[in-house]
Amino acid sequence: MPELPEVETIKLGLQKYLVGHKILDIDVRDQKIFKGDKKNIINAKVIDVKRVGKGLIIEFDNDYVLAIHVKLTGQLIYRGRETENIEVSKEKVGSLPSKFTHVIFNLDHGANLYYNDIRRFGWIKVIQKEELKNLPFFKEMGPEPFKDLTLDKFKKAIQSSNIPIKVLLMDQKKIGGVGNIYANDALFNAGIDPRRKAKTLSESEIEELYNSVLKVLEKGLEKGGASELTYVNALGQTGGYQNHFLVYGREEERCLRCGGEIKKIKLGGRGTYFCPSCQK
DNA sequence: CCAGCAGCCTGTGCGC
DNA sequence: TGCGCACAGGCTGCTG
């Protein structure tokens with residue numbers, strides 16, 4: 001599901017193809033997903049695309065931005081003259097638009113940006129740039145890997161919390177951008193049991209985990225994200241990290257390190273995969 | 001303030 | 001074949 005590497009991959013695609021385009025009209029097919037007044041960005045030109053945690057911000061040449069969260073099954077797919085020879089994933093996208101297309105941005109030069117979302121958990125908000133920092137999602141976003149998450153901040157977040165370390169890794173207020181896939185894989189890489197209370201981790205374990213988080217996120221970025229569920233990049237293409245999972249989704253399969261059996265449990269209501277003999 | 005969990009939503013995959 | 005149902009999960013908001 002879209003986590004930091006997936007959303008970053010979408011962002012890079014939108015930066016490449018969307019920046020410079022003007023929005024001519026917006027076809028809102030599902031009011032639940034699209035919030036705010038579309039008039040505020042019609043005829044505005046996209047000047048940049050940013051990522052905050054798992055959220056996206058599309059900036060315009062006026063006071064407004066689009067704040068977007070694709071949650072579990074949202075897709076943002078650009079189609080224009082430059083991409084007409086690129087095929088979108090048949091399996092993950094199908095036709096465009098489809099019955100899962102809830103918003104269509106009509107751009108200049110005949111291009112379109114489609115927002116698809118099977119489960120309709122995602123949201124798109126037209127909001128003044130200045131108000132962005134008042135949205136809880138952005139206001140409360142914790143420090144992020146590759147940005148402001150220093151080892152010191154990571155250490156403090158872990159040592160001040162009594163919840164299972166895996167639940168903490170996924171808490172966006174504590175650490176921005178890490179979700180279920182990369183939390184599972186980072187803990188496996190660091191050899192730490194996901195059930196351990198955060199504050200019981202030693203200094204060296206915290207350092208190992210810090211490096212592991214960066215390592216699995218880098219691998220995810222390098223592979224263009226993990227195409228679990230419906231994830232595709234801004235061109236509608238699948239990523240490759242799903243072929244490199246360390247433990248995520250590998251219930252009852254062999255541990256890559258010791259050959260033992262990968263177990264699945266629930267932590268914080270979420271599926272959690274780990275090797276009981278390698279992760280202590 | 002903190003920890004834990006229901007609810008949102010719908011396709012998938014199972015059991016019968 | 002088809003029905004019914006549990007399950008998946010990021011985030012919000014409620015509860016204890």
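Note that this is a predicted model, so its numbers are computed, not measured. Each chain gets a letter, A, B and so on, in the order the sequences are listed, and its residues count up from 1. Excluded from the calculations below are hydrogen atoms, water molecules and symmetry mates; all remaining heavy atoms, backbone and side chain alike, are included.
Judged by distance alone, the side chain of Gln237(A) and the main-chain N or O of Ser89(A) form no donor-acceptor pair under 3.5 Å. The backbone N or O of Glu228(A) sits nowhere less than 3.5 Å from a side-chain atom of Gln242(A) that would complete a donor-acceptor pair.
Surrounding NZ of Lys129(A) are at most 12 heavy atoms belonging to other residues, nucleotides or ligands under 6.0 Å away.
The phosphate of dG10(C) has neither OP1 nor OP2 within less than 4.0 Å of any side-chain N or O from His69(A). Using a 4.0 Å cut-off, no side-chain N or O of Lys266(A) falls inside it from OP1 or OP2 of dA6(C). Listed pair Arg120(A) / dT10(B) meets the phosphate criterion, a side-chain N or O lying under 4.0 Å from OP1 or OP2. Contact annotation: Tyr273(A) side-chain N/O to dA8(C) OP1/OP2 distance is not under 4.0 Å.
When distances are taken from the side chain of Lys197(A) to each of dT10(B), dG4(B), dG10(C), the shortest belongs to dG4(B). Between dG10(C), dG11(B), dC8(B), one nucleotide has an atom nearer to the side chain of Lys32(A) than all others, and that is dC8(B). In the set dC11(C), dT10(B), dA3(B), the nucleotide with an atom closest to the side chain of Phe137(A) is dC11(C). Of the candidate nucleotides dC9(B), dG10(C), dT12(C), dG10(C) has the atom nearest to the side chain of Met170(A). Across dG10(C), dA3(B), dG9(C), the shortest atom-to-atom separation from the side chain of Lys174(A) is found for dA3(B). Here dC11(C) is the nucleotide among dA8(C), dG9(C), dC11(C) with the atom lying nearest to any side-chain atom of Gln172(A). Between dA8(C), dG11(B), dG9(C), one nucleotide has an atom nearer to the side chain of Arg270(A) than all others, and that is dG9(C). Distances were taken from every side-chain heavy atom of Ile118(A) (C-beta onward) to each of dG10(C), dG4(B), dT10(B); the shortest belongs to dT10(B). The nucleotide whose nearest atom lies closest to any side-chain atom of Lys71(A) is, among dG9(C), dT12(C), dG10(C), dG10(C).
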Quiz item: Given the rule in the salt bridge (Lys or Arg N to Asp or Glu O under 4.0 Å) test, do Lys54(A) and Glu3(A) qualify, once you have shown the distances and angles that lead to the verdict?
Solution: CA-CA 6 Å; Lys54(A) 301 173 200 168; Glu3(A) 305 178 26; 5.6 Å; no

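Hydrophobic clustering, with ILVMFWY side chains joined whenever heavy atoms are under 4.5 angstrom apart, groups Ile41(A) together with Ile58(A).
Atom C1' of nucleotide dC11(C) and atom CG of Leu72(A) are separated by 9 Å, given to the nearest angstrom. At whole-Å resolution of the value, CD in Glu140(A) and C1' in dT12(C) are 10 Å apart. The CD1 atom of Ile163(A) sits 7 Å away from the P atom of dG4(B) (whole-angstrom rounding). Separating the NE2 atom of His102(A) from the C1' atom of dC8(B) is a distance of 14 Å, rounded to the nearest angstrom. Distance CD (Glu251(A)) to P (dC7(C)): 12 Å, rounded to an integer number of Å. Atom P of nucleotide dC11(C) and atom NZ of Lys139(A) are separated by 17 Å, given to the nearest angstrom. Rounded to an integer number of Å, the gap from CZ of Phe121(A) to C1' of dC11(C) is 9 Å. A straight line from CD1 of Ile33(A) to P of dC11(C) spans 16 Å, rounded to a whole angstrom.
Summary of the strand contacts: Pro136(A) and Leu229(A) both lie near DNA chain C, and taking for each the nucleotide with the nearest heavy atom, the more 5' one is attributed to Leu229(A).
In this model, no donor atom of one side chain and acceptor atom of the other lie less than 3.5 Å apart for Lys92(A) and Thr238(A).
Ring orientation note: the planes of Phe137(A) and Trp123(A) are nearly perpendicular, at an angle over 60° on the 30°/60° scale. Ring geometry for Tyr78(A) versus Tyr17(A): interplanar angle under 30°, hence parallel rather than tilted (30 to 60°).
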Protein-nucleic acid N or O pairs under 3.5 Å, nucleotides 14-16 of chain C:
none

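The residue Gly269(A) sits apart from the nucleic acid: no heavy atom pair falls under 4.0 Å. Using a 4.0 Å heavy-atom distance criterion, Asn162(A) is classed as a sugar-phosphate-only contact.
Cation-pi geometry between Arg257(A) and Phe188(A) is satisfied (NZ or CZ under 6.0 Å from the ring centre, within 45° of the ring normal).
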